[in-house]
Number of protein chains: 2
Amino acid sequence: MEEGLRERKKRETRQRIADIAMGLFLQRGFDNVTVAEVARAADVSVNTVFNYFRTKEDLFLDRSEESEDLLARVVRERRAGETAVQAVRRDFFEALDAGDWRYGMSDGLDLFAQRVRESPALQSRARLIEANRESRLARTLADETDADPDDLTPWLVSAQICAVVRALTRHFAVRQAAGEDPASIRADLREHAERAFDLLERGIGGYCPRP
Amino acid sequence: MEEGLRERKKRETRQRIADIAMGLFLQRGFDNVTVAEVARAADVSVNTVFNYFRTKEDLFLDRSEESEDLLARVVRERRAGETAVQAVRRDFFEALDAGDWRYGMSDGLDLFAQRVRESPALQSRARLIEANRESRLARTLADETDADPDDLTPWLVSAQICAVVRALTRHFAVRQAAGEDPASIRADLREHAERAFDLLERGIGGYCPRP
DNA sequence: CACCAAATTTGGAGTCACTTAAAGATTTCA
DNA sequence: TGAAATCTTTAAGTGACTCCAAATTTGGTG
């Protein structure tokens, strides 16, 4: 099953468009670059761009598939004896220690994060990705526990796990946007994350009682 | 401080546009009605519509302010001795018992919910409303606990509370969309909600261990 | 090599949300 | 009443995205 000339060219063209688009977006901001400009820079027609990418946002957040599947995969591949939360907790800290980008907390995502922050369209798309991530994790949990089709528990657990991951990611992003050094944020984040996962595992029932 | 002719006319025009738009949207679907049609039906120019409503989505999800503030208000006005979760729990069941619409679980929101479900633009806007609701609750919790500016806890708690409310609302919507009777869904939902809030208060640490 | 069929690319025309600027029209108030 | 402030409309874009039919390119076959 060789890859013919046709397939290779398609892949190359798609990649070229995506790369050139990302370059322009990072340089000038997502909303300040038109699809027509991307097309011109990539030396194709506008219609060809839309042939490969359904929307302009897809040009920027291309490989969102991996991000959407992340938590579901971590749970699917968790170790013997590990609960869902324990698996996510472990993977999160592994990524933190390795400086991996998969939870959005590495160095060098600065400009990328800034471009997302300043564009309502990209923020909206980011929320969609998060929603899909939550759905996938919920389905995985339902599978793994042979849950009843209308058992809410997988959805509740998924939503809460995603909520914690989102809060931690957001915290990193906010402080990075404020100009703090990524490495020192990650150092702080370790303690914050410990408390966050503890809260997740043990519940928030005692929080904020009115005197 | 009387309301002058100008103010009254403005209020009336805005209301007329919103009412006529909602009628058209419910009848034919959000994406099948153009702003130009709304304008013509309301006997104003397109620019007047955009003068009152910043986007087409605002025509549909006008009074989202109340929805965004709901949980924050419930916590602000919680009773003596109540924790944040207890307050939300109580308010949720009050709404459920009263058949109130504020958590999206009354009769008669059928068509409205369907229109949201079938429109990507409206779903996107609904996610934005949920995100704002989460932010407001987080800020409220931070205020109420005099939390450190970079204490993550208010955000974590807010995200988890919102996650549970969202899951419950979603469950109602899914079953309503499948044609079930709202009253009987609400009956089931009572048990589901009890378990959901228990889980929220006590934690999900033991969920889904791998054998 | 030549040729056909399928897949890609392109150009062109159009829709729709939304913006901007300037010219009316209406309301307020001195 | 007349001028100032405020609304509304008209007109002319911009930009994402769609639809369609005409070119072009590629893969396989005789």
Side-chain angles (χ1 to χ4, degrees), chain A residues 1-18 20-22 24-25 28-62 115-116 118-126 128, chain B residues 1-18 20-22 24-25 28-62 115-116 118-126 128:
Chain A
M1 193 73 176
E2 288 293 313
E3 185 195 51
L5 176 59
R6 188 163 251 156
E7 271 74 33
R8 205 193 68 222
K9 268 191 145 180
K10 267 182 79 171
R11 196 169 38 75
E12 285 172 353
T13 302
R14 185 194 161 93
Q15 196 56 49
R16 182 163 43 87
I17 295 173
I20 287 175
M22 182 57 80
L24 290 174
F25 290 150
R28 295 168 36 205
F30 185 75
D31 297 324
N32 301 322
V33 178
T34 69
V35 175
E37 284 178 299
V38 172
R40 205 170 44 241
D43 201 39
V44 294
S45 76
V46 172
N47 277 3
T48 300
V49 175
F50 283 117
N51 189 12
Y52 286 105
F53 301 90
R54 295 190 29 209
T55 67
K56 184 185 177 186
E57 288 77 29
D58 284 324
L59 276 173
F60 192 89
L61 297 166
D62 200 7
R115 291 317 183 201
V116 175
E118 70 197 5
S119 162
L122 289 180
Q123 286 189 70
S124 172
R125 173 55 68 101
L128 175 60
Chain B
M1 193 71 176
E2 287 294 313
E3 184 195 51
L5 175 58
R6 186 161 251 154
E7 271 74 33
R8 204 192 69 221
K9 268 191 148 180
K10 269 183 78 172
R11 195 170 38 74
E12 284 172 353
T13 302
R14 185 194 161 93
Q15 196 57 49
R16 182 162 43 88
I17 295 173
I20 287 175
M22 182 58 80
L24 290 173
F25 290 151
R28 297 170 32 206
F30 184 74
D31 296 323
N32 300 322
V33 177
T34 68
V35 174
E37 285 178 297
V38 172
R40 203 170 45 242
D43 201 40
V44 293
S45 77
V46 172
N47 273 17
T48 299
V49 174
F50 283 117
N51 188 14
Y52 285 106
F53 301 91
R54 294 189 33 207
T55 67
K56 184 185 177 187
E57 288 76 29
D58 284 324
L59 276 173
F60 192 90
L61 296 166
D62 198 8
R115 293 316 184 199
V116 174
E118 70 197 7
S119 163
L122 289 179
Q123 287 188 69
S124 173
R125 173 55 69 99
L128 174 59

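Here is the naming used below: chain letters follow the sequence lines, and residue numbers restart at 1 for every chain.
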Colleague: Does anything in residues 33-53 of chain A form a ring-ring contact (aromatic ring centres under 6.0 Å, His included)? List the pairs, not counting sequence neighbours.
Modeller: none
Colleague: Measure from CZ on A/Arg40 to P on C/dT9 and round the result to the nearest Å.
Modeller: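 Result: 20 Å.
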Colleague: List the atom pairs, donor and acceptor, that lie under 3.5 Å between side-chain atoms in residues 39-47 of chain A and the rest of the protein, sequence neighbours left out.
Modeller:
{"unit_1": "A/Ser45", "atom_1": "OG", "unit_2": "A/Asn47", "atom_2": "N", "d": "3.4"}
{"unit_1": "A/Ser45", "atom_1": "OG", "unit_2": "A/Thr48", "atom_2": "N", "d": "3.2"}
{"unit_1": "A/Ser45", "atom_1": "OG", "unit_2": "A/Thr48", "atom_2": "OG1", "d": "3.1"}

Colleague: Between B/Arg14 and B/Asp62, does the side chain to side chain contact (heavy atoms under 4.5 Å, CB included) criterion hold? Intermediate values first, please.
Modeller: CA-CA 11 Å; B/Arg14 185 194 161 93; B/Asp62 198 8; 2.9 Å; yes
Colleague: Rounding to a whole Å, what distance do you find between B/Arg54:CZ and C/dC18:P?
Modeller: 10 Å
Colleague: Hey, can you tell me if B/Phe60 and B/Phe25 have their rings parallel, tilted or perpendicular (30° and 60° cut-offs)?
Modeller: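 Correct class here is tilted.
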Colleague: Over all strands shown, is A/Val49 touching base, sugar-phosphate only, or nothing at heavy-atom distances under 4.0 angstrom?
Modeller: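 Here A/Val49 touches no strand at all.
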Colleague: Atom CD of B/Glu57 and atom CG of B/Leu122: how far apart are they, to the nearest 0.5 Å?
Modeller: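 It comes to 6.5 Å.
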Colleague: I need the CD-C1' distance between B/Glu37 and C/dA17, as an integer number of Å.
Modeller: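 After rounding, the reported distance stands at 14 Å.
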Colleague: Using a cut-off of 4.0 Å between protein heavy atoms and nucleotide atoms, how would you tag nucleotides 5-10 of chain D 5' to 3' with B, S and -?
Modeller: BBSSBB
Colleague: D/dT18 C1' sits how many Å from A/Phe50 CZ, rounded?
Modeller: 10 Å
Colleague: Roughly how many Å is it from CG in A/Asn32 to P in D/dT14, rounded to a whole number?
Modeller: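 Taking CG of A/Asn32 and P of D/dT14, I get 16 Å after rounding.
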Colleague: If you look at every strand shown and take non-hydrogen atoms under 4.0 Å, does B/Val33 touch a base, only sugar-phosphate, or nothing?
Modeller: sugar-phosphate
Colleague: How close or far is atom C1' of D/dT18 from atom CZ of A/Phe53, stated in whole angstroms?
Modeller: 18 Å
Colleague: Separation of A/Arg11 atom CZ from C/dT8 atom C1', in whole Å?
Modeller: 17 Å
Colleague: Just the rounded figure in Å: distance from C1' of D/dA16 to CZ of A/Phe60.
Modeller: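 After rounding, the reported distance stands at 18 Å.
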Colleague: If the threshold is 4.0 Å, N to carboxylate O, is there a salt bridge linking B/Glu12 and B/Arg16?
Modeller: no
